[in-house]
Amino acid sequence: MAKKILVTGGTGYIGSHTVVELQQAGYETVIIDNLSNSNIGVLDGIEAITGSRPVFVEGDCTDIGTLRRLFEENRGINGIINFAASKAVGESVEKPLMYYRNNLNTLMNLLELMPEYGVEGIVFSSSCTVYGEPDINPIDETAPIKTATSPYGNTKQISEEIITDFINSGAPVRSIILRYFNPVGAHPSSLIGELPRGVPNNLVPYLTQTAAGIRKELTVFGDNYDTPDGSCIRDYIDVVDLAKAHVMAMERMLGENSGGKIEIFNLGTGRGVSVLELISAFEKATGVKVPYRIGERRAGDIEKIWADPAKANSELGWKAEVQVEETMRNAWAWQCRCMKNQD
Ligand code: WQD
């Protein structure tokens, strides 16, 4: 009997890629999404890739009645992957209460209902942002948690604490917390990818829109950092690699050899890449020039952070496989398809 997984925020960027990998691994999937930052057409892409369409519930996870109805109408859910959250750092500074209400109430509603409906475990979408500016790189899971630099980052820290306290209270559930570094790219089929609304905050969608002529030029936010080429360094992890990590986490969490009540894993490639290196990788991979200029630093940016993924490699049996040039090719192919669809 196939296990059934509830994916909150499952029509979103990482959620949709994870639903694809779950279905291709033989899981049944149920998606709940309020479509506030995603498009219902994503379901067609998932179906086109996998041959099966997830059960979809349009709804808001901050409303416990909506979630209760979902569990009543979709019995036998074994596990949850919780992506449903607001995630724009800058917006969280302007609207902190919306971020705390949305991100924390969603999680607390899910945790409250899990024992009632026999849901064994929850995989939580966390972020390397909990580490702040690392003292050393690469960074592993024992690194200290620093004071959050944004309400968004704080919701991730508080969420991890809520899960820990709930499980330590004796609740009959397990959890795996995944701290992502920088998710980038798109599915190689170009049937799903990132759909930023408005002007993208993140580097790669802004870069591909500039390459496509939608944006006039890319601004590199500073080249006077203490890094080899002066631009900030990140650990850019391909979104399909990231999605596969969630399947492996679910298998571990629901399996016999689960590693205990709560586990935390850093998900990154282990390679630091600068902004200027990423631009070069894109141009090399696609043959498309990206007009850019060097601008001022962006407030709140971390200078350099990249993962030590050894724990996920050894205990999850997961390793990032996709090389950055292939990720850039997939991102560009997705951008081109989006433009074709708009014609
Ligand atoms: C990457 C680098 C910028 C845009 C954020 C969140 C993190 C996660 C991923 C949700 C930085 C530079 C960017 C541009 C640029 N979000 N940049 N010009 O800030 O590392 O992480 O998104 O899970 O929690 O903090 O990602 O893509 O915004 O920036 O030079 O137009 O690219 O300065 O060095 P970031 P990013």
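Read the numbers this way: they start at 1 and go in the same order the structure lists the ligands and their atoms.
Y225 and D301 share no donor-acceptor pair across their side chains, judged by distance under 3.5 Å alone. No side-chain donor from either of N109 and R68 sits under 3.5 Å from a side-chain acceptor of the other.
Remark: atom 2 (C) of ligand 1 lies closer than 4.0 Å to at least one protein heavy atom.
The distance from ligand 1 to the heavy atoms of N201 drops below 4.0 Å at these ligand atoms: 4 (C), 28 (O). The distance from ligand 1 to the heavy atoms of S127 drops below 4.0 Å at these ligand atoms: 24 (O). Those atoms of ligand 1 with a heavy atom of C232 less than 4.0 angstrom away are 34 (O). Annotation for ligand 1: atoms under 4.0 Å from non-hydrogen atoms of N182 are 20 (O), 21 (O), 26 (O), 35 (P).
At least one heavy atom of Y236 lies less than 4.0 angstrom from ligand 1.
Closest to atom 29 (O) of ligand 1 by heavy atom, among K304, K87, R298, E303, is R298. One option in Y180, F221, F181, Y152 has a heavy atom closer to atom 17 (N) of ligand 1 than any other, and that option is F221. Atom 18 (N) of ligand 1 has its nearest heavy-atom neighbour, among T219, L203, T149, V220, in T219.
Looking at every heavy atom in both residues, K156 comes nearest to S125 through NZ-O, 2.7 Å. The two residues K244 and W318 come nearest to each other via the heavy atoms C-CD1, 4.2 Å. Taking both residues in full, the closest heavy atoms of T62 and R101 are given as CG2-O, 4.0 Å, listed atom of the first, atom of the second, then distance.
Ionic pairing of D44 and R53 is present here: one or more N-O contacts between side-chain nitrogen and carboxylate oxygen are shorter than 4.0 angstrom. Checked for salt-bridge contact, E263 and R252 meet the test: a charged N lies under 4.0 Å from a carboxylate O. The existence of a salt bridge linking K146 and D135 is confirmed by a sub-4.0 Å separation between a basic side-chain nitrogen and an acidic carboxylate oxygen.
Looking at L218 against ligand 1, only its side chain comes within 4.0 Å, counting heavy atoms. Contacts between R297 and ligand 1, counted as non-hydrogen atom pairs separated by less than 4.0 Å, are absent for every part of the residue. At a heavy-atom cutoff of 4.0 Å, ligand 1 is contacted by the side chain of D301 but not by its backbone. Contacts between V89 and ligand 1 below 4.0 angstrom, taking non-hydrogen atoms only, involve the side chain exclusively. Contact annotation for F83 and ligand 1: no heavy atom of the residue comes within less than 4.0 Å of the ligand.
Summary of contacts: the protein heavy atom closest to atom 20 (O) of ligand 1 is R234 NE, 2.6 Å. Among all non-hydrogen protein atoms, the one lying nearest atom 12 (C) of ligand 1 is V275 CG2, 3.8 Å.
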Original post:
So F166 and M108, side-chain contact (heavy atoms from CB on, under 4.5 Å) or not? Walk me through it.
Top reply: CA-CA 9 Å; F166 181 63; M108 288 188 285; over 6 Å; no
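The shortest N or O to N or O distance between N202 and ligand 1 is under 3.5 Å.
Between the side chain of D60 and the main chain of N34, no donor-acceptor pair closer than 3.5 Å is present. Looking at R298, its side chain never comes within 3.5 Å of a backbone N or O of G222 through a donor-acceptor pair.
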